[in-house]
K.L.:
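Right, I'll just put the structure down here and ask away after.
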Amino acid sequence: MLETLANVMNALPAGTASTIGTWVAALLTLAVLSFIFGENPAFRLAEYLFVGIAAGYAGALAWTQVLWPRAKLFLANPQAYWYYGLFFALGLLLLTRGVRSLSTLGNLPLGVLFGTGAGLALGGALTGSLVPQIEASVVSLSPADYGQGLVGWAYAIDAFILLIGTIAVLSAFHFTGKGQGAWSGFWHGLLRILQGAGRGFIMVAFGALLAGATLSFFAALQSRLAFLLRDWIKLFGNMGL
Amino acid sequence: MIVCPVCQHRNPEGAKTCEACGASLEGFFYRACPVCGALNPAEAVFCRRCLAELIPSEAPEEPLPPTEAEAPSEETASTAPPTEKEETPETTEEEITEEPSVEEEILPKPEHPPVPVPNPLEGLEELLPLEAAVALPHRAEPRQVHFPDETERRDAELFQQIATEPAPLREQARVLGTPRTRALSPIGRLILYILVLLIAIVPYFSGGFTASWITPREDVTTLLQSLNSLPQGATVLLAFDYDPAYAGEMNPLALDITRQLAQRSVHIVALSTQPAGIGLAEQVLRQLSDQVPAYRYGQSYAILGYLPGQEAGLRTLNSSLGDAFKEDYLQRRSLGELPVTRGLATLADFEQIILFADDETTVRRWIEQIQSRNPEIPLHALVTARIAPMLVPYRQSGQLSTLLPGTPGAIELEAAMGRRSFLTWTSDAYTALFFSLLFIAVISNVLYLSSTRRVR
């Protein structure tokens, strides 16, 4: 069927497929932008189309890229590629989750999936995030370690802000009441100050994230406008309008 | 027969209220078993105790006398307070004694003689005085109905008053009501949308007057130096891990990088850990191939395809490229058949890894599974501006060789390479957006603070 469709497209005059694609993309872009005036059927149609096409594309890709090449190997030489047969069997067991009476059979592949994933993620988080980030938090506060003059001082102040920021943000998530003893008042007061500073650091981080998100979405808007104003309008010029 | 649910008094058929306590008897009816005498629901066909068939009696039943517990003895009858029945002057002691006994009432006369059931305790009456209690069906003791007196009623009213009274407010306590929402009106929202749209089309009229203000950041120059240091024929791994929603931001950056690599005759091998990313890789590399005709698929670049499995997939890629990909994406040929991938066995065969991503988790996964095991291979993260702030710690720790945010990174990269395109002109729009948002934020906060002060 896909070959037939490809043959039909090839039989069309040159540029027809591109023109159709541009028109479809332009109409869908306008449908999405129509959300400015609130929820409407055109926006819904575009939304459902995107979700459906993304799901269908992912399914087709999983078959052509992942499953079929390995199935070919297993069918051609089962003795050499027996482990692919095992994984296919586990995959089939996963399908039994949809049948109530057989759903317990699906626990085995799920256990393998979650167990492997959790093990790899935990090991990676330790060696790739936790330990390196703790190491990176141990910094020198001496300007001499960074260079001469104002540059050294600038780096030292940067390291000091990093240190204070780390401690303050960690303190912001320390929830405790005032304890007993001579030093409890002092520690409690110090903790309150650090918590306030930590909340300030968190707010700055949230502000940076918001600014970044605004920038990303504005870039998306600009690219779609560029498509409409250059590629789509060019088609009207080609039609002599 | 109807047994009163309140005092267990047995009332005749058709009674609406209990003769003893006056409680309503609507919906209550019992059928006595002709064999064992157990009381069954009206709709029962078989006895729930002995399973004998229940035969409805045709003859109307006589009104029941009070049970032994209810019937006052001769001594107590004179001292006990009179009931409603006793209050009637016609009722005499003889009439009460003439009424049928309890056993006669419980065992109504059936049409057919019941099947005799042998009494296991027959003949032992003298020895076992409890025989009657064992052989006869159990009957609950009549419940004493207690009506509260005046003192108890007053106490109950006082308790209800205390329980339902709202708690008194503490001194200086504030009453929190439903917060007033300060949503923008539809007209205001429309004006804001139109303003943003106008800002977005600024570059079409401005002509890039802010292009001279662009100063490439340190990471841009570092990345450019790193790419320019690659020898001719070296191979770089490119991961297109972003969604089509961010193609507008990421595609220009990816095109700039691939063009720079192609100009230096560096080979590109592309893959994606997101299904949609592989289509974007194809789009960018086809565009590159159109711009640089000598840069051909299979010879200079290849697309491996989609790598599933997240952490497990990356770990497979780390150990063996052939296990991760059996054939390429476009030509369906094994990796050994393509000149560009021939001789590539593991990640160690790549000079550098460049990651285009729109998700912080994806970048972290690459750092944790790939970079931590191959620290000698530089990992560059070119990400959307949305997630760039979250990855700064990895850049400061040195795990990422460079970190560039989407469109600003692309604009600065073009400036560093000395190129001028429409992308450079878009810096006018970003500048206009920055000042507009700053203006709106200041005005909004001033208005909010002034309104808050007025409320106080």
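The basis for the numbers below is simple: all heavy atoms, side chains too, and nothing from hydrogens, waters or symmetry mates. Reminder, nothing fancy here: chain letters follow the sequence lines and each chain counts from 1.
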K.L.:
Which answer fits A:L113, side chain, backbone, both or neither, if we ask what part of it has an atom under 4.5 Å from a heavy atom of chain B?
P.N.:
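A:L113 has no heavy atom closer than 4.5 Å to chain B.
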K.L.:
Of the backbone (N, CA, C, O) and the side chain (C-beta and beyond), which part of B:Q371 lies under 4.5 Å from a heavy atom of chain A, both, or neither?
P.N.:
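Answer is neither: B:Q371 stays 4.5 Å or more from chain A.
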K.L.:
Salt-bridged, B:E311 to B:R315, with N to O below 4.0 Å?
P.N.:
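Result for this pair is no, no salt bridge flagged.
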K.L.:
Any carboxylate oxygen within less than 4.0 angstrom of a Lys/Arg side-chain nitrogen, looking at B:R420 and B:E414?
P.N.:
no
K.L.:
With a 4.5 angstrom heavy-atom cut-off, could you sort out which part of A:L162 is near chain B: side chain, backbone, both or neither?
P.N.:
side chain
K.L.:
In terms of heavy-atom proximity below 4.5 Å to chain B, should A:F50 be classed as side chain, backbone, both, or neither?
P.N.:
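Neither part; nothing is under 4.5 Å.
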K.L.:
Could you look at A:A208 and say if it's the side chain, the backbone, both or neither that has a heavy atom under 4.5 Å from chain B?
P.N.:
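Contact with chain B is through both the backbone and side chain of A:A208.
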K.L.:
Can you tell which part of A:L221 gets under 4.5 Å to a heavy atom of chain B, answering side chain, backbone, both or neither?
P.N.:
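Contact with chain B involves the side chain of A:L221 alone.
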K.L.:
Would you say the side-chain atoms of B:S334 and B:E327 include a donor-acceptor pair closer than 3.5 Å?
P.N.:
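No, no side-chain donor-acceptor pair sits under 3.5 Å.
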K.L.:
Measuring heavy-atom distances to chain B, does A:A60 have an atom under 4.5 Å in its side chain, in its backbone, in both, or in neither?
P.N.:
neither
K.L.:
Go through B:I201, B:I278, B:T407, B:I367 and name the one with the most non-hydrogen pairs under 4.5 angstrom from chain A.
P.N.:
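Among the listed options, the one with the most contacts to chain A is B:I278.
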K.L.:
What part of B:Y306 lies closer than 4.5 angstrom to a heavy atom of chain A: side chain, backbone, both or neither?
P.N.:
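Contact with chain A is through both the backbone and side chain of B:Y306.
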K.L.:
Does the B:D328 side chain pair with the main chain of B:R333, one donor and one acceptor, at a distance under 3.5 Å?
P.N.:
yes
K.L.:
So which of A:S223, A:A125, A:A220, A:G117 has the biggest tally of heavy-atom pairs under 4.5 Å with chain B?
P.N.:
A:A125
K.L.:
Do side-chain atoms of B:E412 reach the backbone of B:R217 as a donor and acceptor pair under 3.5 angstrom?
P.N.:
yes
K.L.:
Using a cut-off of under 4.5 Å for heavy-atom pairs, which of A:K72, A:E135, A:R70, A:R224 has the most such pairs with chain B?
P.N.:
A:R70
K.L.:
Look at B:A312, B:G305, B:P393 and state which one has the largest set of heavy-atom pairs under 4.5 Å with chain A.
P.N.:
B:P393
K.L.:
For the side chain of B:T362 and the backbone of B:D358, is there at least one donor-acceptor N/O pair under 3.5 Å apart?
P.N.:
no
K.L.:
Establish, yes or no, whether the cationic atom of A:R44 lies under 6.0 Å from the six-membered ring centre of A:F35 and within 45° of the ring axis.
P.N.:
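Negative - A:R44 is either too far from the ring of A:F35 or too far off its axis.
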K.L.:
Answer with side chain, backbone, both or neither: which region of B:V392 has an atom nearer than 4.5 Å to a non-hydrogen atom of chain A?
P.N.:
neither
K.L.:
Among the options B:L197, B:I194, B:I387, pick out the one with the most heavy-atom pairs lying under 4.5 Å from chain A.
P.N.:
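Greatest number of close heavy-atom pairs with chain A: B:L197.
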K.L.:
Which one, A:A136, A:A54, A:P132, leads in non-hydrogen pairs under 4.5 Å with chain B?
P.N.:
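Option with the top pair count is A:P132.
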K.L.:
Please state whether the side chain, the backbone, both or neither of B:A410 comes within less than 4.5 Å of a heavy atom of chain A.
P.N.:
neither
K.L.:
Can a donor-acceptor pair be found between the side chains of B:D428 and B:T210 at a distance below 3.5 Å?
P.N.:
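B:D428 vs B:T210: donor-acceptor pair found between side chains.
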K.L.:
Can you tell which part of A:F37 gets under 4.5 Å to a heavy atom of chain B, answering side chain, backbone, both or neither?
P.N.:
side chain
K.L.:
Give, as side chain, backbone, both or neither, the part of B:I199 having an atom under 4.5 angstrom from any heavy atom of chain A.
P.N.:
both
K.L.:
What orientation do B:W425 and B:F422 show, parallel under 30°, tilted 30 to 60°, or perpendicular over 60°?
P.N.:
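Plane angle between 30° and 60°, so tilted.
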K.L.:
Describe, in one word, how the ring planes of A:W232 and A:W23 are oriented to each other, choosing from parallel (under 30°), tilted (30 to 60°) and perpendicular (over 60°).
P.N.:
perpendicular
K.L.:
Highest number of heavy-atom pairs under 4.5 Å with chain A: which of B:M390, B:K326, B:M250?
P.N.:
B:K326
K.L.:
Would you mind telling me which of A:A213, A:A219, A:S129 has the largest number of heavy-atom pairs within less than 4.5 Å of chain B?
P.N.:
A:S129
K.L.:
State whether a side-chain donor-acceptor pair under 3.5 Å links B:H380 with B:T402.
P.N.:
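Note: B:H380 and B:T402 side chains meet the donor-acceptor criterion.
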K.L.:
Could you look at B:Y394 and say if it's the side chain, the backbone, both or neither that has a heavy atom under 4.5 Å from chain A?
P.N.:
both
K.L.:
Is chain A contacted by the side chain of B:R365, its backbone, both, or neither, given a heavy-atom distance below 4.5 Å?
P.N.:
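Looking at B:R365, nothing touches chain A.
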K.L.:
Looking at A:L120, is its backbone amide N or carbonyl O close enough to the side chain of B:Q369 to form a donor-acceptor pair, meaning the two atoms are under 3.5 Å apart?
P.N.:
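A pair under 3.5 Å: yes.
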K.L.:
If I measure from the heavy atoms of chain B, does A:L33 come under 4.5 Å with its side chain, its backbone, both, or neither?
P.N.:
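Neither part, no heavy atoms under 4.5 Å.
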K.L.:
Can you see whether A:N40 engages A:S34 through a side-chain donor-acceptor pair at a distance of less than 3.5 angstrom?
P.N.:
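On atom types as modelled, these side chains qualify, holding a pair under 3.5 Å.
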K.L.:
Output the option from A:A121, A:A58, A:G123 having the highest count of non-hydrogen pairs under 4.5 Å with chain B.
P.N.:
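The candidate making the most pairs under 4.5 Å is A:A121.
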K.L.:
Going by atom types only, do B:Q399 and B:S397 share a side-chain donor-acceptor pair under 3.5 Å?
P.N.:
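Checked: B:Q399/B:S397 side chains pair up, N/O donor to acceptor below 3.5 Å.
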K.L.:
Most heavy-atom pairs under 4.5 angstrom with chain A, which of B:G398, B:P252, B:P389?
P.N.:
B:P389
K.L.:
Pick from B:P405, B:P275, B:G248: which one has the most heavy-atom pairs with chain A under 4.5 Å?
P.N.:
B:P275
K.L.:
For the backbone of A:G128 and the side chain of B:S372, can you confirm whether one donor and one acceptor N or O come within less than 3.5 Å of each other?
P.N.:
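No: the side chain of B:S372 does not pair with the backbone of A:G128.
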